**Student:** 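Submitted below is the structure of interest, expressed as structure tokens.
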Amino acid sequence: MTDVVDSDELLRRIQRGRACAEQEERAWRARSDALAAHDPDGAREAAVRRLAYEVVLRVLDEILTPGRHAEAG
């Protein structure tokens with residue numbers, strides 16, 4: 001069965017997804033910083049994952065607030 005949602009529920013789901021992506025981005029940033037001194041390969045992998053979450057955040061921001069990044073960039 002397909003789940004049908006209204007626009008308010010869709011907005012809440014996008015906002016929850018954004019909050020989750022933001023939390024993951026911070027966690028991978030911290031991990032990359034922590035590994036930088038003694039595990040460059042691990043730090044590089046963590047940085048790539050952080051970057052992926054930054055992209056997700058940027059896309060979700062564009063959905064939630066169109067043009068937000070265009071003005072800043």
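Basis for what follows: all heavy atoms, side chains included, without hydrogens, waters or symmetry-related copies. Keep in mind that what you see is a predicted model, and the values were worked out from it rather than measured. Residue numbers run from 1 in the order of the sequence given.
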**Student:** Do E54 and R29 make a side-chain contact, defined as non-hydrogen atoms from C-beta onward lying under 4.5 Å apart?
**Tutor:**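 Answer yes - side chains close enough.
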
**Student:** Salt bridge or not between E24 and R31? Use side-chain N to carboxylate O under 4.0 Å.
**Tutor:**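 Salt bridge absent between E24 and R31.
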
**Student:** With a 4.5 Å cut-off on side-chain heavy-atom distances among I, L, V, M, F, W and Y, is there a chain of contacts connecting L35 to L51?
**Tutor:**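 No.
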
**Student:** Can a salt bridge be assigned to the pair R58 and E62 using a cut-off of 4.0 Å between side-chain N and carboxylate O?
**Tutor:**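 So R58 does not pair with E62 through a salt bridge.
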
**Student:** Report yes or no: do I63 and V56 belong to one cluster of Ile/Leu/Val/Met/Phe/Trp/Tyr joined by side chain heavy-atom distances under 4.5 Å?
**Tutor:**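 Cluster IDs for I63 and V56 match.
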
**Student:** Just how far is it from atom CZ of R50 to atom CD of E25, taken to the nearest 0.5 Å?
**Tutor:**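 Here the interatomic distance stands at 6.5 Å.
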
**Student:** Measure across L57 and A21 and return the closest heavy-atom pair with its distance rounded to 0.1 Å.
**Tutor:**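 Here L57 and A21 meet closest at CD2-CB, 3.9 Å.
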
**Student:** Please determine if D39 and R44 form a salt bridge, counting it only when a charged side-chain N lies under 4.0 Å from a carboxylate O.
**Tutor:**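 Here D39 does not pair with R44 in a salt bridge, since their nearest N and O are not under 4.0 Å apart.
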
**Student:** Check salt bridge (charged side-chain N to carboxylate O under 4.0 Å, His left out) between R18 and all other residues, then give those that pass, not counting sequence neighbours.
**Tutor:**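 Once residues adjacent in sequence are excluded, the partners of R18 under the salt bridge (charged side-chain N to carboxylate O under 4.0 Å, His left out) criterion are E22, D61.
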
**Student:** D8 vs R13, test: salt bridge (Lys or Arg N to Asp or Glu O under 4.0 Å). Steps then yes/no.
**Tutor:** CA-CA 9 Å; D8 290 337; R13 290 179 184 192; over 6 Å; no

**Student:** Would you say the side-chain atoms of S32 pair up with the backbone N or O of A43, donor to acceptor, closer than 3.5 Å?
**Tutor:**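 Checking the backbone N and O of A43 against the side chain of S32, a donor-acceptor pair under 3.5 Å is found.
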
**Student:** Other hydrophobic cluster members with Y53, side-chain heavy atoms of Ile/Leu/Val/Met/Phe/Trp/Tyr under 4.5 Å, chained?
**Tutor:**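 Hydrophobic cluster check, Y53: joined to W28.
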
**Student:** Go through the structure and list residues passing salt bridge (charged side-chain N to carboxylate O under 4.0 Å, His left out) with R12, not counting sequence neighbours.
**Tutor:**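 Scan of R12 (salt bridge (charged side-chain N to carboxylate O under 4.0 Å, His left out), adjacent residues dropped) gives E9.
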
